[in-house]
Amino acid sequence: MKKHSCGFNESIYRIALRIPRGKVATYGQLAAMSGNPRAARAVGAAMQNAPEYMEIPCHRVVSSTGKLAPQYAFGGEDKQRALLASEGVVFKENGTIDLKKSLWRP
DNA sequence: AATTTGACAGCGA
DNA sequence: GTCGCTGCCAAAT
């Protein structure tokens, strides 16, 4: 046994991996599931630190407003949008995610 | 050990 | 309906 990263991050990764394909979860939602409904920002930080070998679908994690991550996060919102759409996520005309239909429901 | 940053969320004008 | 500011948490430097 050894100390991996901090427990908080671990919880976030664990939940993020539970997000089914075709659905998306908000940072605040992951935060609430990990036990800190106010740690939405910490979730974002955790995602940024998320090791690639974990294969975390961070592209399925979006803001509560249905807005996607900034350009520097995935190489372009357009890219993330196409990827999510490819998985079955429903988007609105304005390019934001339709959380009404694609929000992950545990 | 302390300070600053950050891929947010919620409320108000 | 759009735009901006504040508040919260944890990690990294």
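So you know, we letter chains A, B, ... as the sequences are listed, proteins then strands, and number each from 1. Basis for what follows: all heavy atoms, side chains included, without hydrogens, waters or symmetry-related copies.
Distance NZ (A/Lys67) to P (B/dA7): 14 Å, rounded to an integer number of Å. If you take CD of A/Gln48 and P of B/dT5, they are 14 Å apart, rounded to a whole angstrom. Here B/dA9 presents its P atom at 10 Å from CZ of A/Arg41, a figure rounded to the nearest Å. If you measure from atom CE of A/Met33 to atom P of B/dA9, you get 14 Å, rounded to the nearest angstrom. Remark: C1' of C/dC8 and CD1 of A/Ile12 are 14 Å apart, rounded to the nearest angstrom. Atom CG in A/Asn9 sits roughly 14 Å away from atom P in B/dA7 (whole-Å rounding). Atom CZ in A/Phe8 sits about 12 Å away from atom C1' in B/dC8, given to the nearest Å. We find that OH of A/Tyr27 is positioned 12 Å from C1' of B/dA9, with the value rounded to whole Å.
Neither OP1 nor OP2 of B/dA9 sits under 4.0 Å from any side-chain N or O of A/Thr65. Look at A/Asn49 and you'll find a side-chain N or O under 4.0 angstrom from OP1 or OP2 of C/dA12. Dashed line: the shortest gap from a side-chain N or O of A/Ser63 to OP1 or OP2 of B/dC8 is not under 4.0 Å.
How far CD of A/Glu52 is from SG of A/Cys58: 8.5 Å, rounded to the nearest 0.5 Å. Remark: A/Ile97 CD1 to A/Lys23 NZ distance equals 11.5 Å, nearest 0.5 Å.
Minimum atom distance to the side chain of A/Asn36 is reached by C/dC9, of the listed C/dA11, B/dA9, C/dC9. Nearest nucleotide to the side chain of A/Ala40, out of B/dA7, B/dA9, C/dA10: B/dA9.
Nucleic acid contact class of A/Ala39 (heavy atoms, under 4.0 Å, all strands): sugar-phosphate only. Within 4.0 Å (heavy atoms only), A/Tyr72 reaches sugar-phosphate atoms of the nucleic acid but no base atom.
Counting only distance, with no hydrogens or angles, the side chain of A/Lys92 and the backbone of A/Leu99 share no donor-acceptor pair below 3.5 Å. Proximity of a side-chain donor or acceptor of A/Tyr13 to a complementary backbone N or O of A/Ala46 within less than 3.5 Å is detected.
Screening A/Val24, A/Val62, A/Leu83 for a side-chain contact (heavy atoms from CB on, under 4.5 Å) involving A/Val89 leaves a single residue, A/Val24.
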